[in-house]
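Each remark here refers to the structure printed beneath this line.
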Amino acid sequence: MDIKRYEIAGLANRPAWWQVRVNEIENFCKSIKKGKCTIEAKTPLDLPVFQVVYNDYPDSSNIVNWMSVVSTRTPDLFGNKEGSPQTVMISGGIHGAEIEGVILVLNLISLLETGVDLRGKPNDRLVELAKKYRLVLFPCVNMDGRAVSPDHRIGASIEECRRAGEGFWTNGNVIRWPEMKEYFPLPLERVAHTGGYCNSEGYNIMHDGTPGNVRTQEALAVLRAAEKYKVDLYVNLHSQPETPYNGFRMHSMCSFPYSIKVVEELSRRCKKVLEERGFVYEPEAVRPPACKLDINTPVHLCSGAATATIEFAARDQENFDTIVETGYAFLETILASGDDMLFCDRKNWKTLNAELMKNS
């Protein structure tokens with residue numbers, strides 16, 4: 001099986017600050033000083049999955065898990081002490097070719113470490129907002145997929161985007177979404193190039209969350225963090241080449257009503273801000289829950305977190321800076337929302353959800 005990086009001919013050269021190859025991500029993460037940077041997993045290709053935590057604090061006693069306590073009269077026993085910062089977990093690169101989330105998380109870390117992003121530009125507002133939270137950051141979950149993916153897909157044809165992201169069979173045909181999800185893992189003997197969707201063993205980490213049978217160390221790292229840090233909001237960064245829109249995707253069908261309400265409100269606020277800044281937002285980004293499961297589901301069940309999947313437009317961005325600035329608009333809006341919103345209100349969990357269910 002070919003594990004070389006897939007190149008898309010004719011694309012613009014990346015700027016020097018666009019440091020997204022696996023060795024560049026490793027070197028960057030190893031230079032982190034202010035955040036707590038750990039290697040939480042190794043991929044099948046023996047690449048590190050980094051986790052970076054900012055503003056950490058001692059948790060309340062881990063006497064119970066979320067799935068147990070949510071059935072009691074005191075769900076807030078699982079949460080952290082009243083007055084503690086909310087915890088937001090952000091992951092990039094669960095699909096390794098989807099580079100927008102990776103570069104956004106790396107730029108956020110650069111801002112928190114140095115006061116300027118990888119371009120040398122400050123974003124004081126985002127830094128101040130970030131200080132209000134405990135942040136759990138995964139710059140790139142699927143380092144295997146990143147290793148075989150191009151540096152970007154701006155301006156590429158839809159066919160080349162699919163070949164790079166979804167891979168192709170030995171007969172040359174693209175391993176098309178959603179038919180690719182009929183395999184877990186992909187039958188590698190029939191695969192010429194795995195693309196960035198899966199890791200090198202053919203597992204789509206986005207859908208690796210079956211209780212008792214999680215297959216990848218990459219997915220386990222995300223789920224462990226969700227429970228360990230009692231995550232209140234999980235922002236799962238992706239991109240798609242099919243449309244020119246940025247936006248939220250539909251919820252996992254297992255989300256509680258309060259969590260759905262939180263994500264719908266975040267989407268509404270992001271739509272307003274992105275459009276004010278001239279970025280294209282999907283007209284109906286958040287749709288009603290569908291018969292759909294992904295890693296957001298077990299994250300929600302591990303901690304009660306509201307879970308939001310954000311999709312960037314992968315090939316219709318104007319330039320590299322547009323990707324970063326679009327991401328900043330999302331993050332600033334989401335983090336500013338914590339001033340008047342609890343992403344996971346465990347103290348009032350039962351009352352809130354009961355009322356929402358009654359009124360739905």
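Numbers here simply count residues along the sequence, with the first being 1.
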Do you see a donor-acceptor pair shorter than 3.5 Å between the side chains of [X] and [Y]?
X	Y	answer
D208	T216	yes
S337	R269	yes
S303	Y229	no
E159	S157	no
N246	T326	no
S239	E100	yes
N319	T322	yes
N236	N296	yes
Y258	E355	no

Quick one: does [X]'s side chain get under 4.5 Å of [Y]'s, heavy atoms only?
X	Y	value
L112	K34	no
K36	Y54	no
N107	Y328	yes
L266	M341	yes
I39	V49	no
I295	V222	yes
I99	R146	yes
K132	D339	yes

Does the distance from a Lys or Arg side-chain N to an Asp or Glu carboxylate O, for [X] and [Y], drop under 4.0 Å?
X	Y	answer
K42	D46	yes
E264	K261	no
E166	R176	yes
R162	E160	no
R14	E24	yes
R125	E128	no
E332	R277	yes
E276	K272	yes

Spell out, as yes or no, whether a donor-acceptor pair under 3.5 Å connects the side chain of [X] to the backbone of [Y].
X	Y	value
N27	N23	yes
T38	E40	no
D76	R346	no
E218	A221	no
Q317	A313	yes
T297	L293	no
N348	L352	no
Q86	F343	yes
S149	G145	yes
E113	G35	yes

Quiz item: What do you reckon, are the aromatic ring centroids of H207 and F184 less than 6.0 Å apart?
Solution: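 No, they do not, as the ring centres are separated by 6.0 Å or more.
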Practice problem: State whether F78 and K230 meet the cation-pi test: NZ (Lys) or CZ (Arg) under 6.0 Å from the six-membered ring centroid, and within 45° of the perpendicular axis. | Solution: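 Verdict for F78: a cation-pi partner in K230.
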Quiz prompt | Six-ring centre of F168, R163 cation under 6.0 angstrom, axis tolerance 45° | solution =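 Here R163 passes the 6.0 Å and 45° test against F168.
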Between [X] and [Y], what is the ring plane arrangement, given parallel below 30°, perpendicular above 60°, and tilted in between?
X	Y	answer
F312	F330	perpendicular
H238	H95	perpendicular
H152	W18	perpendicular

Rounded distance (nearest 0.5 Å) linking atom [atom1] of [X] with atom [atom2] of [Y]:
X	Y	atom1	atom2	value
N213	T210	CG	OG1	6.0 Å
S259	D345	OG	CG	10.5 Å
R215	Y203	CZ	OH	4.5 Å
C161	I8	SG	CD1	5.5 Å
I25	K30	CD1	NZ	12.5 Å

State, to 0.1 Å, how close [X] and [Y] come at their nearest heavy-atom pair, and which atoms those are.
X	Y	value
A147	L47	CB-CD1, 4.1 Å
V262	A306	CG1-CB, 3.9 Å
D144	S200	OD2-OG, 2.6 Å
N55	A130	ND2-O, 3.3 Å
Y133	V88	CD2-CG2, 3.7 Å
W66	C302	CB-O, 3.3 Å

Quiz item: Which is it for T43 and N199 under the side-chain hydrogen bond (donor to acceptor under 3.5 Å, both in side chains) test, yes or no, and what are the steps along the way?
Solution: CA-CA 8 Å; T43 74; N199 70 8; over 6 Å; no
Quiz prompt | Stepwise ring pair (Phe, Tyr, Trp, His ring centres under 6.0 Å) check, Y197 with W177 | solution = CA-CA 10 Å; Y197 234 67; W177 176 94; 8.2 Å; no
Quiz prompt | side chain to side chain contact (heavy atoms under 4.5 Å, CB included) assessment of V148 paired with K4 | solution = CA-CA 5 Å; V148 300; K4 293 181 180 179; over 6 Å; no
Quiz prompt | Derivation of the ring pair (Phe, Tyr, Trp, His ring centres under 6.0 Å) call for Y234 and H300 | solution = CA-CA 8 Å; Y234 174 41; H300 178 66; over 10 Å; no
Practice problem: Could you give me the CA-CA distance, side-chain angles and deciding distance for V136 and I90, then say whether side chain to side chain contact (heavy atoms under 4.5 Å, CB included) is met? | Solution: CA-CA 6 Å; V136 181; I90 306 172; over 6 Å; no
Quiz item: Does the pair D316 and Y245 meet the rule for a side-chain hydrogen bond (donor to acceptor under 3.5 Å, both in side chains), with working shown?
Solution: CA-CA 8 Å; D316 288 298; Y245 298 120; over 6 Å; no
Quiz item: Do other residues, nucleotides or ligands put more than 12 heavy atoms under 6.0 Å from E7 CD?
Solution: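 Count over threshold, so yes.
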Quiz item: Which residues pass the side chain to side chain donor-acceptor pair (under 3.5 Å) test with D56, sequence neighbours left out?
Solution: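 D56 satisfies side chain to side chain donor-acceptor pair (under 3.5 Å) with R134 only.
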